[in-house]
Amino acid sequence: MLVISIEDETSTLTRGHLRTAWALIDSFGWNGIKTRLQGADVKVAGIRSSECRPLNARAIARALGAWYARARRDLPWRRSRDPYRVWVSEIMLQQTQVERVKDFYQRFLALFPTVESLAAADEHDVLRAWEGLGYYRRARQMHAAAKVLATEHGGIFPRTVAALRGLPGIGRYTAGAIASIAMDLPEPIVEANSRRVLARLAGYAKRLDRPGGDEPIWKIAHSLVPQRDAGRFNQALMDLGAMVCTPDRPLCTACPLARMCDAKNSGRVSRIPMKSVRRATKQLREAAIIVRRGARVLVQKREEGEWWAGLWDFPRVQAAARKIHQAIGESKTLQPLACTQPKALGTFTHTVTHHRITLAVVACTAARTGKLSQNLAWVAVDKLGELAMTSPGRRIAKMIAQPSVR
DNA sequence: AAGACGGGGTG
DNA sequence: CACCCAGTCTT
């Protein structure tokens with residue numbers, strides 16, 4: 001016989017009713033339940049008993065908080081709880097490692113210190129501040145969200161995760177992060193670090209790399225997040241994942257939660273969380289064409305729906321090395337310019353997500369000046385630095401800026 | 001339920 | 001080269 005007290009209610013359950021108990025835990029959260037289940041075979045928060053171990057939220061928060069007080073990272077975005085600044089950092093940190101973000105964060109805030117200044121900015125300037133950080137959609141969505149915030153919310157961030165998630169670029173994680181860190185709301189987060197920490201802590205060994213696959217982890221996160229200082233707790237979880245509970249060779253001897261960690265106690269740390277299967281990379285062959293016309297070169301803005309949408313690049317043709325000349329002749333963009341004197345400048349590879357692009361660089365001279373569409377422009381070589389460019393585009397721009405190549 | 005989306009650091 | 005990263009959005 002088990003007795004579970006929930007708020008003011010008391011339910012009496014037998015083992016046959018555990019499913020109901022999990023549903024109740026699911027509804028109210030572990031924190032909302034005063035439990036006397038210690039001796040029973042009950043697990044935690046909406047997850048079947050066979051899938052994970054029970055967790056003591058209080059003990060975890062206590063041990064983690066003490067560790068965080070002495071071990072926390074000193075990060076630029078931790079010096080302010082201004083929702084705008086927290087937001088900028090969270091968007092930049094999506095799928096991007098902390099070390100890479102630091103400088104971008106500082107520079108971006110110097111350029112766009114408030115949501116109003118971002119809303120008023122030109123998209124190209126926002127992209128230029130983002131150049132090199134990747135996932136440029138983030139910058140454009142953030143810019144769009146800033147406009148919504150400025151015009152429809154008076155520049156004030158909404159104070160619920162549901163409303164935050166209505167803004168472009170803010171998903172479940174980012175909404176929880178802003179709510180907990182900037183507003184001290186008791187909202188859970190799950191991202192790369194906490195996902196790993198929580199999976200190991202609870203001994204959750206099932207696959208996470210499919211849609212909804214980490215739903216149990218969200219339930220665990222929800223069951224653990226404290227009513228007070230949720231932002232601190234969430235950041236502590238992330239720090240632990242980043243510094244101690246690492247993917248390879250975690251430092252369990254330095255972990256404040258090792259005693260309560262099911263993966264550690266069952267010798268499964270290296271197998272939890274389960275590794276995801278990787279997709280094969282696809283090989284592409286393209287050429288970037290440097291079309292010269294006096295001191296200027298032709299650049300092309302990447303269209304909506306293309307890679308690097310909104311950024312400038314040198315015109316491309318899709319062709320292997322031997323067919324580049326023919327491809328230039330057939331290119332709608334380049335054909336009218338009657339390019340002459342093609343000269344190969346070299347080849348390099350560029351990897352984007354699971355594509356590997358072998359990119360030949362060919363310079364030529366425009367014999368005619370075709371009528372340019374809006375996404376094309378002639379730009380002086382020494383002005384290329386003012387453009388927001390793709391990573392390969394920037395690399396080529398630097399190449400041709402050298403006197404030896406000019 | 002998958003795939004697309006960037007780039008750089010690490011072993 | 002393979003793997004990883006304070007995810008989000010669209011088919």
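Hydrogens, waters and symmetry mates are skipped; everything else that's a heavy atom, side chains included, is used. By convention in this document, chain letters (A, B, ...) are assigned in the order of the sequence lines, proteins followed by strands, and residues within each chain are numbered from 1.
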Margin query: Between A/L111 and A/D125, does the side-chain contact (heavy atoms from CB on, under 4.5 Å) criterion hold? Intermediate values first, please.
Written below: CA-CA 9 Å; A/L111 287 169; A/D125 293 332; over 6 Å; no
In whole angstrom, what separates [X]'s [atom1] from [N]'s [atom2]?
X	N	atom1	atom2	result
A/D209	C/dC3	CG	C1'	14 Å
A/Q97	C/dC3	CD	P	15 Å
A/L133	C/dA6	CG	P	13 Å
A/D239	C/dA6	CG	C1'	10 Å
A/I91	C/dG7	CD1	P	11 Å
A/I178	C/dT8	CD1	C1'	13 Å
A/Y136	C/dG7	OH	C1'	17 Å
A/M92	C/dA6	CE	C1'	13 Å

Kindly write out the residues that satisfy ring pair (Phe, Tyr, Trp, His ring centres under 6.0 Å) with [X], not counting sequence neighbours, or none if the list is empty.
X	value
A/Y173	none
A/W218	none
A/H355	A/W307
A/H143	none

Within [range]: residues closer than 4.0 Å to DNA chain C (heavy atoms):
range	value
residues 71-78 of chain A	A/R73, A/L75, A/W77, A/R78
residues 98-113 of chain A	A/V98
residues 183-201 of chain A	A/E191, A/A192, A/N193, A/R196

Ignoring hydrogens and angles, tell me if any N or O in the side chain of [X] forms a donor-acceptor pair with the backbone of [Y] under 3.5 Å.
X	Y	answer
A/R196	A/C245	yes
A/D239	A/W67	no
A/R368	A/A338	no
A/R195	A/D214	no

Does [X] come within less than 4.0 Å of [Y], counting only side-chain N to carboxylate O?
X	Y	result
A/E330	A/K323	no
A/K147	A/E123	no
A/D184	A/R228	no

Short heteroatom pairs, N/O only, protein and nucleotides 9-11 of chain C, under 3.5 Å:
from	atom 1	to	atom 2	distance (Å)
C/dC9	OP1	A/G169	N	2.5

Notebook entry, point to check: Which residue, A/R279 or A/T390, contacts DNA chain B at a nucleotide closer to its 5' end, judged by nearest heavy atom?
Noted result: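 Closer to the 5' end of DNA chain B: A/R279.
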Next item on the list: Would you mind telling me which residue lines up with the more 5' stretch of DNA chain B, A/H354 or A/G212, judged by nearest nucleotide?
Entry: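 On the 5' side of the pair lies A/G212.
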Next item on the list: For atom CZ of A/R78, decide whether the heavy atoms of other residues, nucleotides or ligands shown that lie under 6.0 angstrom number more than 12.
Entry: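 Count over threshold, so yes.
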Next item on the list: Evaluate whether atom NE2 of A/H325 has more than 12 neighbouring non-hydrogen atoms of other residues, nucleotides or ligands under 6.0 angstrom away.
Entry: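 Not buried by this count: 12 neighbours or fewer within 6.0 Å.
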[X] vs [N]: side-chain N/O to OP1/OP2 distance below 4.0 Å:
X	N	result
A/T96	C/dG7	no
A/K275	C/dC4	yes
A/Q95	C/dG7	yes

Notebook entry, point to check: Distance between the C1' atoms of B/dG3 and C/dA6, in whole angstroms?
Noted result: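 Pairwise C1' distance, B/dG3 against C/dA6, rounds to 22 Å.
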Margin query: What's the gap between C/dT11 and B/dG6 when it is taken at their P atoms, as a whole Å value?
Written below: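 Nearest-Å result for C/dT11 against B/dG6 at atom P: 15 Å.
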Next item on the list: I would like to know whether A/I181 and A/E90 meet side-chain contact (heavy atoms from CB on, under 4.5 Å); could you show each step before the answer?
Entry: CA-CA 10 Å; A/I181 296 170; A/E90 292 304 337; 3.6 Å; yes
Note to self: With the threshold set at under 4.0 Å for non-hydrogen atoms, list the residues of residues 298-313 of chain A touching DNA chain B in residue-number order.
What the structure shows: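 Residues of residues 298-313 of chain A that come under 4.0 Å of DNA chain B are, in numerical order, A/W307, A/W308.
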Next item on the list: Could you tell me which residues satisfy side chain to side chain donor-acceptor pair (under 3.5 Å) with A/R200, sequence neighbours excluded, listed by chain and number?
Entry: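 Checked A/R200 against side chain to side chain donor-acceptor pair (under 3.5 Å); zero matches.
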Margin query: I'd like the 5' and 3' limits of the part of DNA chain B contacted by chain A, with heavy-atom contacts below 4.0 Å.
Written below: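 Reading along DNA chain B, I get B/dA1 to B/dG8.
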Checklist line | A/Y105 and its ring-ring contact (aromatic ring centres under 6.0 Å, His included) partner, picked from A/W77, A/F112, A/W87 | finding: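 It is A/W77, the one option of A/W77, A/F112, A/W87 that forms the ring-ring contact (aromatic ring centres under 6.0 Å, His included) with A/Y105.
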Note to self: Can you confirm if the NZ or CZ of A/R232 lies within 45° of the ring axis of A/Y68 and under 6.0 Å from the centre of its six-membered ring?
What the structure shows: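 No, A/R232 and A/Y68 do not form such a contact.
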Check: According to the side-chain hydrogen bond (donor to acceptor under 3.5 Å, both in side chains) rule, which pairs have a member within residues 153-171 of chain A, sequence neighbours left out?
Finding: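 Of all non-adjacent pairs touching residues 153-171 of chain A, none passes side-chain hydrogen bond (donor to acceptor under 3.5 Å, both in side chains).
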Checklist line | Aromatic ring proximity A/Y135/A/W130, centre distance under 6.0 Å | finding: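 Centroid distance A/Y135-A/W130: not below 6.0 Å, so no.
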Notebook entry, point to check: Hey, does A/G132 reach any base, or is it just sugar-phosphate, or nothing, if we go heavy atoms under 4.0 Å?
Noted result: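 The residue A/G132 makes sugar-phosphate contact but no base contact.
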